[in-house]
Amino acid sequence: MNSIRTGEWQKLAVSLAELSLDTTLRCGQSFRWKKLNEDEWTCSLRGRVISLKQDPKQDPNHVLYKVTWPSNSPLTKLSSSGKGVKVEDDSTKDDTEALLRHYFNLEPNLTELYERWSMADPNFKKRAPKFTGVRILKQDAWEALVGFICSSNNNIARISQMVNNLCLSYGPLIGHVHDQPFHDFPTPESLAGPEVESQLRKLGFGYRAKYLARTAVIVSKEKPENWLESLSNTEPFDETEWKTLKPGGRPGYRKSHEELLALQGVGPKVADCVCLMGLGWGESVPVDTHVWQIAQRDYKFGKGKHKSLTKATYDAIGNHFRLLWGEEAGWAHSVLFAADLRTFAIRLTEKTEVQEELQIKAESEDGVIVQATTVVKKREAIREETIKEETTDDLNVVFSTTAKRTRRR
DNA sequence: CATTGACCTCG
DNA sequence: GAGGTCAAT
């Protein structure tokens with residue numbers, strides 16, 4: 001493909017503790033990043049294609065990024081001819097680093113936040129160490145809205161596939177990376193046509209087709225220009241103090257949440273996802289089935305008044321976490337959510353292995369004789385446990401066992 | 001208010 | 001059943 005040019009790899013100064021690409025991009029916040037070439041994350045963002053790499057062993061203090069501009073961009077020349085080019089004016093200035101800092105929401109000091117949450121909450125302290133660098137993204141609000149409308153009764157793999165189909169059909173092509181086409185995310189206007197619902201049904205959206213089509217019309221035609229963006233949090237992040245906030249969150253958050261609820265296919269959970277990941281309201285706590293399980297298992301919900309996940313229980317859980325974790329409760333919630341995802345289950349055992357190795361090494365240095373066979377046996381035992389667990393899970397799916405499998409630990 | 005089905009596909 | 005929502009009871 002000669003329609004585009006690709007630039008060189010550039011450094012973005014951000015440590016592994018502040019941002020883990022693998023965890024942040026796979027935890028179900030965004031549905032558009034593709035992993036190519038084993039370790040390269042790629043996605044189109046604001047008219048360009050961005051690839052990211054992070055090598056924890058080689059350089060834990062940087063993320064590498066590479067930009068691919070469409071051939072009609074004035075920046076194509078700039079990025080293809082390397083570093084020696086003089087930047088003449090704003091139209092030829094590559095703002096990708098600023099874009100990445102904004103998108104990955106890099107201002108809050110995540111390390112400090114983890115410390116605060118650990119101080120306030122023993123359960124967080126226990127689970128977070130294996131899931132450092134989980135950040136809340138500042139995604140485009142419209143994209144977040146569409147993605148999470150698709151998320152109902154759905155899984156991450158299929159949501160990603162649906163969003164991909166949406167971009168292929170309605171988003172302008174930007175270019176190819178590793179022979180993969182990358183399209184921009186479609187605008188609300190482009191999804192407001194009369195044929196959109198039936199088209200989306202053909203693309204496999206199911207009942208969500210109507211929600212998306214209706215929402216696109218409302219956003220592009222019935223609401224004022226920039227309505228969605230106007231719901232964003234504009235307060236600068238303040239890390240100097242752990243603010244005491246009202247249990248229900250700030251007025252701006254409550255208003256945004258309420259406004260979003262008026263849209264088709266947007267209930268409390270989806271509205272909170274958009275508030276948190278698209279509009280910058282850090283106190284927003286989306287309570288889905290996962291979080292509901294966590295709240296029951298670790299925070300004593302599921303009894304008495306809050307026996308089932310009703311609207312009242314939903315609000316109570318959010319309030320509880322806001323009081324416990326403070327103004328960025330949604331960030332902390334996301335860490336525990338990631339720690340509970342099946343996608344990352346294997347990581348828990350891997351880390352255990354490493355810890356055991358270190359422990360044994362330490363014992364050896366103290367003069368205690370340790371036989372190698374002991375280490376090997378322990379590792380194998382852990383592997384078997386993991387496989388057994390996954391097998392059991394598969395069987396449950398196949399035979400549709402009625403009893404819910406109780407979670408380990 | 002809380003509870004209950006239906007809603008589209010598919011990994 | 002899958003990171004829900006809507007409408008009716």
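Naming convention: chains lettered A, B, ... in sequence-line order (proteins, then strands); numbering from 1 in each chain. This structure is a prediction, so every number in the text was calculated from the model and none was measured.
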Exercise. Considering only heavy atoms, which members of residues 21-37 of chain A lie under 4.0 Å from some atom of DNA chain B?
Worked result: none

Mind listing the side-chain donor-acceptor pairs of residues 210-223 of chain A below 3.5 Å, one per line with the distance, residues two or more places apart or on another chain?
residue: A:Thr215; atom: OG1; partner: A:Tyr211; partner atom: O; Å: 2.8
residue: A:Thr215; atom: OG1; partner: A:Gln264; partner atom: O; Å: 3.1
residue: A:Ser220; atom: OG; partner: A:Ala216; partner atom: O; Å: 2.8

For this session: Check whether any side-chain N or O of A:Ser152 sits under 4.0 Å from OP1 or OP2 of C:dA2, and answer yes or no.
Result: no

Exercise. Which residue pairs pass the side-chain hydrogen bond (donor to acceptor under 3.5 Å, both in side chains) test with at least one member in residues 270-289 of chain A, sequence neighbours excluded?
Worked result: A:Arg250-A:Glu283, A:Tyr253-A:Asp272, A:Ser256-A:Trp281, A:His257-A:Asp272, A:Asp272-A:Ser284, A:Asp272-A:Tyr314

Seminar exercise, completed: Sequence neighbours excluded, the answer for side chain to side chain contact (heavy atoms under 4.5 Å, CB included) partners of A:Lys202 is A:Gln199

For this session: Could you check A:Asp288 against A:Leu261 and say which one's nearest nucleotide on DNA chain C is further toward the 5' end?
Result: A:Asp288

Grab the N/O contacts between the protein and nucleotides 7-9 of chain C below 3.5 Å, and write none if there aren't any.
none

Seminar exercise, completed: With sequence neighbours left out, the residues meeting salt bridge (Lys or Arg N to Asp or Glu O under 4.0 Å) with A:Glu40 are none

Exercise. Under the ring pair (Phe, Tyr, Trp, His ring centres under 6.0 Å) test, which residues partner A:Tyr170, sequence neighbours left out?
Worked result: none

Exercise. Salt bridge (Lys or Arg N to Asp or Glu O under 4.0 Å) with A:Arg26: which residues, sequence neighbours excluded?
Worked result: A:Asp22

Exercise. For DNA chain B, what dot-bracket results from Watson-Crick or G-U pairs at under 3.5 Å, with [ ] for crossers and | for inter-strand partners?
Worked result: .||||||.||.

Problem set entry | Non-neighbouring partners of A:Ala157 that pass side chain to side chain contact (heavy atoms under 4.5 Å, CB included), sequence neighbours left out | A:Asn155

Exercise. How does protein reach along nucleotides 2-7 of chain B, written 5' to 3' as B (base within reach of a heavy atom under 4.0 Å), S (only sugar-phosphate), or - (no contact)?
Worked result: SS---B

Problem set entry | Contacting residues from residues 155-164 of chain A, given that a heavy atom lies under 4.0 angstrom of DNA chain B | A:Arg158, A:Gln161

For this session: Please check if the side chain of A:Asn105 supplies one atom and the backbone of A:Ile136 the other of a donor-acceptor pair under 3.5 Å.
Result: yes

Problem set entry | Salt bridge flag under 4.0 Å for residues A:Glu143 and A:Arg32 | yes

